[in-house]
Amino acid sequence: MPRLSNRVALVTGATTVEPGGLNIGGAAATEVVAEGARVVLADINIEGASALAEQLNQKYGPDVAIAVHTDLRDEDAIQRLVATTVSTFGKLDVLFNIAGVFPAGDGDVATMPIEVWDDVMAVNVRSAMLTTKHALPHLRVEGGSIVNTASTHAFAGDTSLTGYGATKAALLALTKYTATQYGRERVRCNAICPGTTTTPPAQQLPEAVKDIYRRHTPAPDLNGPADLAKVYAFLASDDSRGINGETIRVDGGLLAHQPFVPDMDSLGAATATSQ
């Protein structure tokens, strides 16, 4: 029997995009359906979410997926989303908070427009808190799993994406607080931190930029959304029942190495040591 049979999952930020294919949310939704779950795909891009729902229903059987247009900045919309999930499928077992934004205006601190900061906070952190808040009454009935989506930007700084990085660090704290407060009620909460992933937007980056990311990732290539999806499905399943409040980096080793290692590799030099 598939390990997610009879589970109902709510996935934010789950779409298919043309060109490019599945984003991380879309790949995670596809994986849990393949594992036996039914899913609700929530996104402001209802065309992409609906297209994915249609694909899943055609491949895995009718009525395994629905798409719900949701502006995650709006608490009333989130309440309706959770209510729609439960009224359609009868319950809620899994919540994947994957939706996030990284707008062009999210630069350095000195030039940060407050409107950009507030919007990134609203979509990336506030919405994860609100989906969790409104999902909890249902998750607490029989237990369940919440997976938040942070980033390697939570651990190290960058020349831009200040708001994005701050939200991802905040999600790690939200994960631990949720795990602490509801773990005894069999509600687990963990976080996944992707590194550079070949999502549809990343596929459009200049090759010179992608080469930099590859150079700093000690893996044969960058992870794709499907690589992340396997970890989401694992954390949704009983196979991970002993894991709660954990942060799992799925970055191909991006943050595993000393910063100078790629330069040493290009020189063909061994790391110097001193006593």
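Note that the coordinates shown come from a computational prediction; the quantities given were computed from them, not determined experimentally.
Without hydrogens or angle criteria, T162 side chain to G107 main chain gives a donor-acceptor distance under 3.5 Å. Judged by distance alone, the side chain of D118 and the main-chain N or O of E115 form no donor-acceptor pair under 3.5 Å. Side chain of H257 to main chain of H216: a donor-acceptor pair is present (N/O by atom type, distance under 3.5 Å, no hydrogens or angles). Using a distance-only test at 3.5 Å, with no hydrogens or angles considered, no donor-acceptor pair links the side chain of T217 to the main chain of L222. N148 places no side-chain N or O within 3.5 Å of a backbone atom of L172 that could act as its donor or acceptor partner. In this structure a side-chain-to-backbone donor-acceptor pair under 3.5 Å is present from R188 to S240.
Residue F102 qualifies as open at atom CZ: its count of foreign heavy atoms under 6.0 Å is 12 or below. Heavy atoms of other residues, nucleotides or ligands lying less than 6.0 angstrom from CZ of R241 number 12 at most. When the shell of 6.0 Å around CG of N6 is examined, it contains 12 or fewer heavy atoms from other residues, nucleotides or ligands. Open room surrounds CD on E142; 12 or fewer heavy atoms of other groups in view lie less than 6.0 Å from it.
Pairs of residues two or more places apart, or lying in two chains, never qualify as ring pair (Phe, Tyr, Trp, His ring centres under 6.0 Å) while including a residue from residues 122-143. Among residue pairs with one or both ends in residues 48-67, those qualifying as side chain to side chain donor-acceptor pair (under 3.5 Å) are E54-Q58; sequence neighbours excluded. Applying the side chain to side chain donor-acceptor pair (under 3.5 Å) test to pairs two or more places apart or on separate chains, those with a residue in residues 10-30 are T15-N23. Each side chain to side chain donor-acceptor pair (under 3.5 Å) pair with one or both residues in residues 100-109, not counting sequence neighbours, appears once here: D108-T111. Applying the salt bridge (charged side-chain N to carboxylate O under 4.0 Å, His left out) test to residues at least two apart or on different chains, the pairs with a partner in residues 26-37 are R3-E35, E31-K230.
Applying the 4.5 Å side-chain rule to ILVMFWY residues, one finds V8, L10, V40, I66, V68, L81, V82, V86, F89, L92, L136, L139, I146, Y182, V187 in the same cluster as L95.
Interatomic distance, R80 CZ to H69 NE2, rounded to the nearest 0.5 Å: 10.5 Å. Note that the CZ atom of R184 and the CZ atom of R140 stand 14.0 Å from one another [nearest 0.5 Å]. Interatomic distance, CZ of F96 versus CD1 of I24, reported as 12.5 Å (0.5 Å rounding). The distance from the CG atom of L130 to the CG atom of D76 is 10.0 Å, given to the nearest 0.5 Å. Taking CG from L174 and OG1 from T132, the interatomic distance works out to 5.5 Å, rounded to the nearest 0.5 Å. The OG atom of S145 sits 11.5 Å away from atom OH of Y232, with the distance rounded to the nearest 0.5 Å.
Partners of R249 by side chain to side chain donor-acceptor pair (under 3.5 Å), not counting sequence neighbours, listed by chain and number: D251. For K176, there are no salt bridge (charged side-chain N to carboxylate O under 4.0 Å, His left out) partners two or more places apart in sequence or in a different chain. Scanning for salt bridge (charged side-chain N to carboxylate O under 4.0 Å, His left out) contacts around D221 gives R214, with sequence neighbours left out. Listed by chain and residue number, Y164 satisfy the ring-ring contact (aromatic ring centres under 6.0 Å, His included) test with H153 (two or more places apart in sequence, or in another chain). Contacts of D93 classified as salt bridge (charged side-chain N to carboxylate O under 4.0 Å, His left out), with partners at least two apart in sequence or in another chain: K91. Partners of D119 according to the salt bridge (charged side-chain N to carboxylate O under 4.0 Å, His left out) rule, which considers only residues two or more places apart in sequence or in another chain, are R73.
L161 and L171 fall into different hydrophobic clusters, where Ile, Leu, Val, Met, Phe, Trp and Tyr side chains are chained together by heavy-atom contacts under 4.5 Å. In the hydrophobic cluster analysis, where Ile, Leu, Val, Met, Phe, Trp and Tyr join through side-chain heavy atoms closer than 4.5 angstrom, I98 is grouped apart from V17. Criterion: ILVMFWY side-chain heavy atoms under 4.5 Å apart, direct or through other members. Under it, I78 and V39 are not part of a common hydrophobic cluster. L41 and V123 are assigned to two separate hydrophobic clusters, defined by single-linkage of ILVMFWY side chains at heavy-atom distances under 4.5 Å. When the side chains of ILVMFWY residues are joined at heavy-atom separations under 4.5 Å, either directly or via intervening members, Y177 and I243 end up in two distinct hydrophobic clusters.
The shortest non-hydrogen separation linking M112 to G105 is SD-O, 4.3 Å. C189 and A179 make their closest contact through O-CB, 3.8 Å (heavy atoms, listed as atom of the first residue, atom of the second, distance). The shortest non-hydrogen separation linking L72 to A99 is CD1-CB, 3.4 Å. The two residues P194 and A150 make their nearest non-hydrogen contact at CD-O, 3.3 Å. The shortest heavy-atom contact between V120 and V101 is CA-CG2, 4.0 Å. A pairwise comparison of heavy atoms in C193 and T152 identifies CB-N, 4.1 Å as the closest pair.
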- Item | Intermediate values then yes/no, side chain to side chain contact (heavy atoms under 4.5 Å, CB included), M264 and Q258 | CA-CA 10 Å; M264 288 294 187; Q258 296 277 13; over 6 Å; no
- Task: List the steps, then state whether salt bridge (charged side-chain N to carboxylate O under 4.0 Å, His left out) holds for D263 with R215.
- Result: CA-CA 9 Å; D263 296 324; R215 183 166 166 261; 2.4 Å; yes
- Could you check I44 against D71 for side chain to side chain contact (heavy atoms under 4.5 Å, CB included), going step by step and ending with a plain yes or no? CA-CA 5 Å; I44 200 167; D71 185 344; 4.1 Å; yes
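In this structure, I248 and L235 have side chains that are in contact, with non-hydrogen atoms separated by less than 4.5 Å. No side-chain heavy atom of T247 sits under 4.5 Å from any side-chain heavy atom of T175. Looking only at side-chain heavy atoms (C-beta outward), S127 and N97 stay at 4.5 Å or farther from each other.
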